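This structure is a prediction, so every number in the text was calculated from the model and none was measured. Both counts, for ligands and for their atoms, begin at 1 and track the order of listing. Values reported hereafter were calculated over all heavy atoms of this structure, with side chains retained and with hydrogens, waters and symmetry mates removed.
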Amino acid sequence: MITLKNICKNYDKELVLKNINLNIKKGSFTALIGESGSGKTTLLSILSTLLKPNSGEIIFENVNYNKIKNIDKFRQKNIGFVFQFHYLINYLSVKENILLANEKASLAEINNLLSLLDISKLINSYPNEISGGQRQRVAIARALINNPRVVFADEPTGNLDSKNSLNVFNIFKKLSKEGVTIIVATHDKSLAKLADNIVEVKDGQL
Ligand SMILES: Nc1ncnc2c1ncn2[C@@H]1O[C@H](COP(=O)(O)OP(=O)(O)OP(=O)(O)O)[C@@H](O)[C@H]1O
Ligand SMILES: [Mg+2]
């Protein structure tokens, strides 16, 4: 589904990714591991169109990223993001936070997602009234409301306890079984084992 060919990325003089080749299959669940500073966020950002490599090609289902004319539309249609910090807006309810990502979402669609994530009762709650694990699940709901084909998550469990972390990974597992492609960067090797593939970034290579 996504293929990286000879990707190189440097910041100033520091070469972070050296000739990376990677093939991500549709519906697969990939965990990206590696030491702090190894380049996981950089690689995720390149995969998710947020950052351009210095050289190399990225091909998303036969479409080269360089040839995409409307990148905002492409992202909205295909890609969901989940970050370590949930970035929910405290002044908006759970429902309103999700609607920010897709104003056309119906109440039924929102309810479906919230029940998949086991937080249906929180639809009218505000982020500062719910737990960290629940907030992260709302952030996942927000990422999913556009029915993305691929979900990228960067340390989504960095602020969660082990029970909530496991919960988040199990949700990703479930989504991948439904055909959503999942790519998650994590420090946690035991969580990474729940993925179908583990890719380690080390010395700029995989
Ligand atoms: N915008 C930037 N400008 C300059 N250097 C950067 C920038 N972003 C990252 N780097 C450097 O690139 C390297 C890889 O960073 P990256 O954030 O991809 O690592 P990471 O594996 O995600 O680390 P962590 O596990 O701590 O999140 C690091 O040495 C970092 O200092
Ligand atoms: Mg990182």
- Message: Can you classify the ring geometry of Phe169 versus Phe29 as parallel (below 30°), tilted (30 to 60°) or perpendicular (above 60°)?
- Response: tilted

- Message: Suppose I only count heavy atoms of His187 and a 4.0 Å limit; which atoms of ligand 1 are within that range?
- Response: 25 (O)

- Geometric cation-pi criterion Lys9 and Tyr11, 6.0 Å radius, 45° cone: yes

- Do Arg149 and Val180 have side chains that get closer than 4.5 Å, going by heavy atoms? no

- Which residue supplies the protein heavy atom nearest to atom 25 (O) of ligand 1, what is that atom called, and how far is it? Lys40 NZ, 2.7 Å

- Message: So Leu4 and Asn21, do their side chains get closer than 4.5 Å, heavy atoms only?
- Response: no

- Note on the structure: Looking only at protein heavy atoms, what sits closest to atom 8 (N) of ligand 1 is Tyr11 CZ, 3.3 Å

- Item | Pair Asp196 + Lys173: basic N to acidic O under 4.0 Å | yes

- Message: Can you tell me if Glu35 has over 12 outside heavy atoms packed within less than 6.0 Å of its CD?
- Response: no

- Would you say Glu200 and Leu206 make side-chain contact, with heavy atoms under 4.5 Å? no

- Query: At a 4.0 Å threshold, what atoms of ligand 1 neighbour a non-hydrogen atom of Glu35?
  - Reply: 21 (O)

- Who's the nearest protein heavy-atom neighbour of atom 26 (O) of ligand 1, and how far? Ser36 OG, 2.6 Å

- Item | Any N, O or S atom of Thr41 closer than 2.8 Å to the Mg ion (ligand 2) | yes

- Message: Considering Thr41, Val201, Leu44 one by one, which has a heavy atom nearer to atom 22 (O) of ligand 1 than any of the others?
- Response: Thr41

- Task: Determine whether Leu122 and Gln134 make a side-chain contact, defined as any pair of heavy atoms from C-beta on separated by less than 4.5 Å.
- Result: yes

- Can you find a non-hydrogen atom of Gly37 under 4.0 Å from ligand 1? yes

- Message: Does only the side chain of Glu14 get under 4.0 Å from ligand 1, or the backbone, or both, or neither? Count heavy atoms.
- Response: side chain

- Message: Checking the N or O distance criterion of under 3.5 Å, is ligand 1 in contact with Gly39?
- Response: yes

- Message: To check your reading of the model: name the closest protein heavy atom to atom 15 (O) of ligand 1, its residue, and the distance in Å.
- Response: Thr42 OG1, 3.9 Å

